[in-house]
Amino acid sequence: MAHPVAIRIGTSDEYVFEQIFLDLEYQINVPTPEKLLDAGANIGLASVWFANQFPEADILAIEPDPANFRVLEENAAAYRRIRCLQVGLWHRNALLERIPEDAQPWAYRYQETPKSDDQNSFAIESVGLDEVVNRFFNGTIDLLKMDIEGAEKEILAVGGQWADRVQTAIIECHDRWVPGCENTMAQRFPTDLFDARQNGENTVFVRRGNPHPSANSGNQTFS
């Protein structure tokens, strides 16, 4: 790391730090990205990892939770190419509220809530993936990292223009909470278009015939 990072002692931040910087969860060979989306950025540790691995990449870090987002902004401040956006990623524009459950900050889950005049002040706006890609990346995305605690099923099922314009995807599925995520993911990234491999809790998909050379960031190979 080029700069120190902040974590909240006694929370799941410690485990996330261990996964990323000690277990090297994202140390994988992927085509070198110029545009990278960190969906479910939490406190920004994955964004910081990618910023150090790919210093020329523009990174958009998306995180809905206000407490997580404050630490994300702190960790991203030293990296001029990381941009932070406090919204939820969903299959459409909507309002989301956190599911009331006893979860650590890395596992906060959200659900859609109806709009009303007496709106919950804690509701978070959501955006669709197409809107993000078109607004911030001019319609294409080189690397999509998605860890959004089950919401990936709806997003992957709907698809959209982004699905034809993504080069590499690193996705953690949460079938334990939302059954069918893995099947939906497999349909979105078919084997005739993408090479795939499992790396820890993440499945990594790289589009066949990629236009960029691979980054020499580890010893993983694709099969």
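Starting from 1, each residue takes its place in the sequence as its number.
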Once rounded to the nearest 0.5 Å, what's the spacing between atom CD of Gln86 and atom CZ of Phe69? 5.0 Å

Which atom names give the shortest non-hydrogen contact between Ala157 and Thr184, and what distance separates them? N-CG2, 3.4 Å

Same cluster (ILVMFWY, side-chain, under 4.5 Å), Ile28 and Met1: yes

For the atom pair CZ (Arg70) and SG (Cys84), what is the distance rounded to the nearest 0.5 Å? 13.5 Å

Any donor-acceptor N/O pair, Asn75 side chain to Ile43 backbone, under 3.5 Å: yes

Taken to the nearest 0.5 Å, the spacing of Glu182 CD from Cys173 SG works out to 5.5 Å

Under 30°, 30 to 60°, or over 60°: which ring-plane class applies to Phe21 and Phe17, parallel, tilted or perpendicular? tilted

With no hydrogens and no angle check, is any side-chain donor or acceptor of Glu172 less than 3.5 Å from a backbone partner on Asp147? no

Is Arg81 salt-bridged to Glu56, cutoff N-O under 4.0 Å? yes

Are Val132 and Val87 close enough that some pair of their side-chain heavy atoms sits under 4.5 Å apart? no

Check whether any side-chain heavy atom of Glu25 lies under 4.5 Å from a side-chain heavy atom of Asn202, and answer yes or no. yes

Do Arg165 and Ile141 pass the side chain to side chain contact (heavy atoms under 4.5 Å, CB included) test, and can you show the C-alpha distance, the side-chain angles, and the key distance before you say yes or no? CA-CA 6 Å; Arg165 300 173 181 176; Ile141 182 169; 5.5 Å; no

Do Val71 and Val16 share a hydrophobic cluster, counting only Ile, Leu, Val, Met, Phe, Trp and Tyr and linking them when any side-chain heavy atoms are less than 4.5 Å apart? yes

N/O donor-acceptor pair under 3.5 Å between Asn52 side chain and Val48 backbone: yes

Quick check against the 3.5 Å criterion: does Asp142 have a side-chain atom that pairs as donor or acceptor with the backbone of Thr32? no

Any side-chain heavy atom of Trp49 sitting closer than 4.5 Å to one from Gln27? yes

Between Gly139 and Asn134, which heavy-atom pair has the shortest distance, and what is it? CA-OD1, 3.4 Å

Do we see a donor-acceptor contact under 3.5 Å between the side chains of Gln19 and Glu201? yes

Under a 4.5 Å cut-off applied to non-hydrogen side-chain atoms, are Thr168 and Arg207 in contact? no

So if you build clusters from Ile, Leu, Val, Met, Phe, Trp, Tyr with side-chain heavy-atom gaps below 4.5 Å, do Phe50 and Leu72 land together? no

For residues Ile170 and Leu144, determine if any side-chain heavy atom of one lies less than 4.5 Å from a side-chain heavy atom of the other. no

With the 4.5 Å side-chain cut-off for hydrophobic clustering, are Leu60 and Met146 part of the same group? yes

N-O pairing of Asp58 and Lys35 below 4.0 Å: no

Distance check, rounded to the nearest 0.5 Å: Tyr15 atom OH versus Asp23 atom CG? 7.0 Å

Check whether Arg188 reaches the backbone of Ala163 with its side chain - one donor and one acceptor, N or O, closer than 3.5 Å. no

Taking Asp65 for the side chain and Asn68 for the main chain, is one N or O donor matched with an acceptor at less than 3.5 Å? yes

Give me the atom names and distance for the closest heavy-atom approach of Arg8 to Asp13. NE-OD2, 2.7 Å

Does any N or O in the side chain of Asp130 come within less than 3.5 Å of the main-chain N or O of Gln161, such that one atom is a donor and the other an acceptor? yes

Look at the side-chain heavy atoms of Ile, Leu, Val, Met, Phe, Trp and Tyr, link any pair under 4.5 Å apart, and say whether Leu129 and Leu193 land in one connected group. yes

Parallel, tilted or perpendicular: which fits the ring planes of Phe189 and Phe205, with parallel below 30° and perpendicular above 60°? parallel

Counting C-beta onward and ignoring hydrogens, is there a side-chain heavy-atom pair between Ile155 and Leu89 closer than 4.5 Å? yes

Considering only heavy atoms from C-beta outward, does the side chain of Leu37 approach that of Ile62 to under 4.5 Å? yes

Nearest heavy atoms of Gly40 and Glu63, plus distance in Å: C-OE1, 3.9 Å

To check you understand the geometry: which heavy-atom pair defines the closest contact between Phe54 and Leu36, and what is its length? CD1-CD1, 4.2 Å

Taking Glu18 for the side chain and Glu14 for the main chain, is one N or O donor matched with an acceptor at less than 3.5 Å? no

Any side-chain to backbone donor/acceptor pair from Asp38 onto Ser47? Under 3.5 Å, distance only. yes

Hey, could you give me the CZ/CZ distance between Phe194 and Arg208, rounded to the nearest 0.5 Å? 10.5 Å

How close do Ala41 and Ala61 get, heavy atom to heavy atom, and via which atoms? CB-CB, 3.8 Å

